[in-house]
Amino acid sequence: MNYANNILETIGNTPLIKLNKLTSELPCTVLAKYETFNPGNSVKDRMALQMIEDAEKAGDLEPGGTIVEGTSGNTGMGLALAATIKGYRLICVMSDKQSKEKIDILRAMGSEVHVCPTDVAPDDPRSYYSTAKRLASEIPGAWYVNQYDNLSNTKAHFKSTGPEIWEQTDGKVTHFVVGVGTGGTISGVGSYLKSKNPKIKVWGVDPYGSVFKKYHETGVFDENEIYPYVTEGIGEDILPKNVNFEIIDGFTKVTDKDAAVYTQRLAKEEAMFLGNSAGAAIKGVLQLKEHFTKDDVVVVLFHDHGSRYVGKMFNDEWMKKQGFL
Ligand SMILES: Cc1ncc(COP(=O)(O)O)c(C=O)c1O
């Protein structure tokens, strides 16, 4: 018999899939690391399990304890899978710009969800960062995951996502392009790939309204770069410890409109029903065209599934209201 002992054993080993139509103007091969094949439908299952296992080993999370995290949804889903299997209580704190589907899904998976305002500074007591920290300090036996600064996040991708991409491309990968939020994916995959071949180029995709590109280019944390944007899952108004700027060769900025339009195009032209950061990532790849040559193998990572965006990027009324259609 060939079966997994529980859902957690099915995390990882996702397929790598060639893009054919959207990338036809590029000279190179573009392959998508297709993370929605994870059981929680996103790449975040990998790091959620790693962070919990490391906290168990360190004694930070005791049997029957409470896990508290500020999450835009996907990390919450990964944590929910592990919390259910391992018997922990889970509290997720989210910002109110996240799609309603993400909140409903977390509740369906048995998590308690607190919703906080988006348009307040990170150190404001109402922000989702501050609320998560406060709940973790108030609840006895609670462990605050802190995916931004918890380096087990990067480690998960160094241990699994990076090696999978290296093996699936038979070591032929030349560029890795990915949206950056906590930075765990780009830093873990990027540093693994560079450890195998230092010539591999690693590119981050950054929405307008986020600090990463300017900080990478100038070393200046420019508050003028920070303003509200609609693209979900990527970009930050803080510098998470998981963003290892040294292994990143550059960032490209993508607009909210392009990210949304390309999320729709992935579905319509490649039959890839994916989340909003996938639209941003593929537009980022197209913007980097001049960096690629004929023999290059570009891997772009798609983080999550389209079902979480049916009320937004896959809803033409919403798209029109935003001025995107
Ligand atoms: C949909 C989506 N895309 C991209 C990212 C960014 O990945 P990372 O946090 O590893 O940088 C996230 C992370 O929250 C996400 O949820």
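Both counts, for ligands and for their atoms, begin at 1 and track the order of listing.
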Nearest option to atom 3 (N) of ligand 1, as decided by whichever heavy atom of Gly181, Gly233, Ser277, Ala280 sits closest: Ser277

CG-OG distance between Leu301 and Ser277, expressed to the nearest 0.5 angstrom: 8.5 Å

N/O separation below 3.5 Å, Thr75 to ligand 1: no

Exceeds 12 heavy-atom contacts within 6.0 angstrom, atom CD of Glu138: yes

Under 4.0 Å to a heavy atom of Asp304 - the qualifying atoms of ligand 1, by number: 1 (C)

Contact with ligand 1 for Tyr309, non-hydrogen, under 4.0 angstrom: yes

Sub-4.0 Å heavy-atom contact, Gly183 with ligand 1: yes

Ile226 vs Phe221, side-chain contact (heavy atoms from CB on, under 4.5 Å): CA-CA, chis, key distance, verdict: CA-CA 10 Å; Ile226 301 170; Phe221 181 87; 4.1 Å; yes

Asn74 N/O to ligand 1 N/O under 3.5 Å: yes

Phe251 side chain near Phe245 side chain, heavy-atom distance below 4.5 Å: yes

Lys86, NZ atom: more than 12 neighbouring heavy atoms under 6.0 Å: yes

Counterpart residues, side chain to side chain donor-acceptor pair (under 3.5 Å), relative to Ser130 (two or more places apart): Ser127

Contact partition for Lys44 relative to ligand 1, non-hydrogen atoms under 4.0 Å: side chain

Residue Lys194 excluded, over 12 heavy atoms near NZ under 6.0 Å: yes

Close-contact set for ligand 1 against Val180 heavy atoms, below 4.0 Å: 11 (O)

Location of contacts on Ile234 toward ligand 1, heavy atoms closer than 4.0 Å: side chain

Asp96: partners by salt bridge (charged side-chain N to carboxylate O under 4.0 Å, His left out), with sequence neighbours left out: none

N or O contact, His303 vs ligand 1, cut-off under 3.5 Å: yes

Heavy atoms of other groups near Glu25 CD, more than 12 under 6.0 Å: yes

contact_flag Ile186 ligand 1 heavy-atom lt 4.0 Å: no

Residue part near ligand 1, for Thr182, under 4.0 Å between non-hydrogen atoms: both

Proximal atoms of ligand 1 relative to Thr185 (non-hydrogen, under 4.0 Å): 7 (O), 8 (P), 10 (O)

